[in-house]
Number of protein chains: 2
Amino acid sequence: MSGSTTQGSSGKVTLGQYLASIRTDRKLTLRQVEEATNKEVSNAYLSQIENDKIQQPSPNVLHALADIYGVDYGQLMEMAGYITNVKARSQGQRHGRVATFANHTLTPAEESELMDYLKFMRSRKKTSDKT
Amino acid sequence: MSGSTTQGSSGKVTLGQYLASIRTDRKLTLRQVEEATNKEVSNAYLSQIENDKIQQPSPNVLHALADIYGVDYGQLMEMAGYITNVKARSQGQRHGRVATFANHTLTPAEESELMDYLKFMRSRKKTSDKT
DNA sequence: AGTGTATGCTTGATATACTTAGCGTGCTTC
DNA sequence: GAAGCACGCTAAGTATATCAAGCATACACT
């Protein structure tokens, strides 16, 4: 965590406080940020975020802000209460033969058609279940 | 851009289709998943997600599902329309589609059947789809 | 028959992210 | 003082994710 902002002695820094301190640091107005994000984040909405009226802004909003502020997206996500743990699952057994598909490099069209066919296959199997 | 019209049956694999195929693949019921996620995702809600009634489930919901399915959280985030990484916003990932297949388990029987169908597909339509 | 149970799905209600319009204040410049 | 304008902020509305119940069908058992 960055203790960059003068958060004093009180508890944790909220997302709103953090975002507000960055903006005032950069001497930007709410409307300037609104412009910078191409209206993705309205000044009114940003105000609500900064005053913690919004509990969990959407990731894309956070991304826009992280982008123009030049701060870490993941950190904002975390402060907003999202799980950011992109932990590598132990996906050991899952592959195997399926890798054959990876070799083939399906086009999107092919993939969707295969996907449809897979659904069809499985709906067929419902009647004659079991291996 | 590739024609992103209201495709409905064929076209891109939606998040719902993907999640549904995984669950049926694992032979889990909606309520079993609800239990597995510790009620984080209700069966009713999961049903709506799988039928694409929900446009953008929250990251935490996606995380719960990614967790119990053992699939990549970031991929689900992407399929849900969230910005995941600060990289290539332009085009980049034509993979991750293939990963759709690679990530969840196909039975050997299903795989060979799909392979056959893929051959059939390719022998039939020679439209080179390049995006 | 009937009763029970499990499945996927829908319906209605609530919470909350987000939008749009506008307010109050302070600062210029007339 | 008044007009104009930028600032942060708020109030009211809309959209949508999520919850709580329940419905319909299918299958099992007596």
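For the numbers below, each heavy atom of this structure counts, side chains included, while hydrogens, waters and symmetry mates do not. Throughout, protein chains are lettered first and strands after them, A, B, ... in sequence-line order, and every chain is numbered starting at 1.
Within the model, atoms OG1 of Thr37(A) and OH of Tyr45(A) stand 12.0 Å from one another, a figure rounded to the nearest 0.5 Å. For the atom pair CD of Gln48(A) and CD of Gln55(A), the computed distance is 12.0 Å after rounding to the nearest 0.5 Å. Of the inter-residue distances, the one linking Leu30(B) atom CG with Leu46(B) atom CG reads 5.0 Å to the nearest 0.5 angstrom. Rounding to the nearest 0.5 Å gives a distance of 9.0 Å between CD of Glu50(A) and OG of Ser21(A). From Ile49(A), atom CD1 reaches atom CG of Leu62(A) across 7.0 Å, with rounding to the nearest 0.5 Å.
Nearest heavy atom pair, residue Ile83(A) against residue Tyr73(B), reads O-OH, 2.9 Å. The two residues Arg23(B) and Val33(B) have their closest heavy-atom pair at CD-CG2, 3.7 Å.
Between the P atom of dA6(D) and the CD atom of Gln32(A) lies a distance of 11 Å, rounded to the nearest Å. Across the protein-nucleic acid pair, Glu35(A) atom CD and dC7(D) atom P stand 11 Å apart, rounded to whole Å. In this entry the distance linking CG of Leu30(A) with C1' of dA6(D) reads 11 Å, nearest Å. Asn43(B) places its CG atom 17 Å from the P atom of dA24(D), with the value rounded to the nearest Å.
Checked by atom type and distance alone, the side chain of Glu34(B) never pairs as donor or acceptor with a backbone atom of Val41(B) at under 3.5 Å.
If you check residues 49-61 of chain A against DNA chain D, the residues with a heavy atom closer than 4.0 Å are Asn51(A), Lys53(A), listed by number.
Protein chain A contacts DNA chain C over a range whose 5' and 3' limits, counting nucleotides with an atom under 4.0 angstrom from a non-hydrogen atom, are dT16(C) to dG22(C).
Heavy atoms of Thr29(B) sit under 4.0 angstrom from primed sugar atoms or phosphate atoms, though from no base atom.
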